[in-house]
Peer 1: 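Here's a structure for you.
A, B, ... follow the sequence lines: proteins, then strands. Residue 1 opens every chain.
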Amino acid sequence: MPTCPTCRSNVSEPLRTWPIVKAEKNGEIVDCTVGIYWCTKCNIKFPFAVGRQRLKLIETDKLEELHDKIKMVGKVKQELMKKVDQLEQEKAIVEESLILARLEDKAENLKVEISLLKEVKRELESMIKYLDHTPSLKVETSKQKCIDQ
Amino acid sequence: MMLTQSFDDKKKELEAKIQALEAEKVTLQEEIPHLRENLTLLKLEHQVQALENEVFDLRAERSNLEQEITNYTQPQETHLTSI
């Protein structure tokens, strides 16, 4: 918003405007619109430039080349996005199979642990059975009865 | 979608299997100490029985020896009394 250089109040409507195209020393072109504004408080007119753009002159061939490059980059971008989608899908599949593999592994480890525990249980039971059925105990108990009598 | 469905099913199936196996493991882990206790008691009972047998045998031996001593000492006494 243009402001009055004396009282700093905003002036919205210009009295008139005209475009200016100016070549800079570095080869750039500055394109802007200059307007003449009138401050009603100070009763002065002042110029103000709006919409300043820095431009460069470029050969048509180079411009077309750049357009082609932009198109090509756009295509590459699309292909890369497709590939990213595809890889994300593959990643999801691999993650799922990894979860399943971990669960299967856990189940397998539990099976091994259980078979070991079962073996221990079987051994203990067979020892108990052996001690329960050893003849010495029965013979000895009959001896004991003799002593008691 | 089909793949995800089958993954979920398989996952649930495996989780159920793991749960069952863990329950079985816990049961076995509880049973084994009881069996060990039973075995220890039985071993002690056997040990007691073996000691009782030894005591029985020793008593029997002592009784035999005492009997033998009595047999040897008895005739002398009769001889003395006869005089």
Side-chain angles (χ1 to χ4, degrees), chain A residues 80-149, chain B residues 1-70:
Chain A
L80 283 172
M81 279 168 81
K82 261 188 195 175
K83 212 169 188 176
V84 166
D85 283 346
Q86 200 183 330
L87 285 169
E88 272 175 359
Q89 280 179 359
E90 278 176 30
K91 186 188 161 199
I93 292 166
V94 169
E95 277 175 348
E96 284 180 355
S97 59
L98 189 68
I99 289 169
L100 291 180
R102 278 187 187 144
L103 287 171
E104 275 167 7
D105 196 39
K106 196 176 176 182
E108 211 53 46
N109 284 342
L110 278 167
K111 275 184 194 172
V112 172
E113 278 183 59
I114 284 169
S115 75
L116 286 172
L117 287 169
K118 275 183 179 172
E119 204 175 312
V120 170
K121 189 187 166 187
R122 259 200 307 276
E123 268 178 36
L124 288 167
E125 279 173 343
S126 68
M127 282 167 86
I128 288 168
K129 204 175 172 184
Y130 170 76
L131 286 173
D132 258 344
H133 294 89
T134 36
S136 64
L137 253 180
K138 284 172 189 170
V139 172
E140 305 318 333
T141 42
S142 60
K143 268 189 187 174
Q144 190 61 43
K145 274 178 192 168
C146 290
I147 297 168
D148 294 341
Q149 280 169 359
Chain B
M1 191 66 193
M2 194 64 189
L3 187 77
T4 316
Q5 190 65 40
S6 79
F7 164 75
D8 285 341
D9 288 348
K10 190 111 198 258
K11 194 181 165 208
K12 275 182 192 170
E13 190 187 311
L14 279 167
E15 280 170 344
K17 197 174 172 184
I18 285 169
Q19 214 176 344
L21 286 167
E22 271 171 353
E24 196 180 349
K25 185 183 159 187
V26 168
T27 311
L28 283 164
Q29 281 175 331
E30 282 170 0
E31 278 175 358
I32 285 169
H34 290 132
L35 287 169
R36 283 211 171 104
E37 280 174 11
N38 285 349
L39 185 66
T40 310
L41 285 175
L42 272 172
K43 277 182 181 171
L44 286 170
E45 276 174 17
H46 271 247
Q47 215 174 334
V48 166
Q49 199 56 54
L51 283 168
E52 278 176 352
N53 289 341
E54 275 183 54
V55 168
F56 174 81
D57 290 340
L58 288 166
R59 274 183 188 164
E61 199 183 335
R62 189 180 71 176
S63 162
N64 286 341
L65 287 167
E66 279 174 349
Q67 189 61 48
E68 224 175 303
I69 290 166
T70 323

Peer 1: Flag yes if more than 12 heavy atoms outside B/Q29 fall under 6.0 Å of its CD atom; otherwise flag no.
Peer 2: yes

Peer 1: Do A/V120 and B/R36 make a side-chain contact, defined as non-hydrogen atoms from C-beta onward lying under 4.5 Å apart?
Peer 2: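 Counting from C-beta outward, A/V120 and B/R36 do come under 4.5 Å.
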
Peer 1: Is any side-chain heavy atom of B/K11 less than 4.5 Å from a side-chain heavy atom of B/F7?
Peer 2: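 Yes, at least one pair of side-chain atoms sits under 4.5 Å.
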
Peer 1: For the candidates B/E24, B/K17, B/E15, which exhibits the highest count of non-hydrogen atom pairs separated by less than 4.5 Å from chain A?
Peer 2: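 That would be B/E24.
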
Peer 1: Is chain A contacted by the side chain of B/L14, its backbone, both, or neither, given a heavy-atom distance below 4.5 Å?
Peer 2: side chain

Peer 1: For A/E113, is it the side chain, the backbone, both or neither that has a heavy atom under 4.5 Å from a heavy atom of chain B?
Peer 2: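 Contact with chain B: side chain only.
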
Peer 1: Walk me through it: do A/E125 and B/E31 pass the test side-chain contact (heavy atoms from CB on, under 4.5 Å)?
Peer 2: CA-CA 11 Å; A/E125 279 173 343; B/E31 278 175 358; 5.9 Å; no

Peer 1: Chain B heavy atoms under 4.5 Å from A/I99: which part of the residue, side chain, backbone, both or neither?
Peer 2: side chain

Peer 1: Examine whether an atom of B/K25 lies under 4.5 Å from a heavy atom of chain A, and if so say whether it belongs to the side chain, the backbone or both; otherwise answer neither.
Peer 2: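 Both backbone and side chain of B/K25 come within 4.5 Å of chain A.
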
Peer 1: So for atom CD, which belongs to A/E90, do other residues, nucleotides or ligands contribute more than 12 heavy atoms lying within a distance under 6.0 Å?
Peer 2: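 Result for CD/A/E90: enclosed.
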
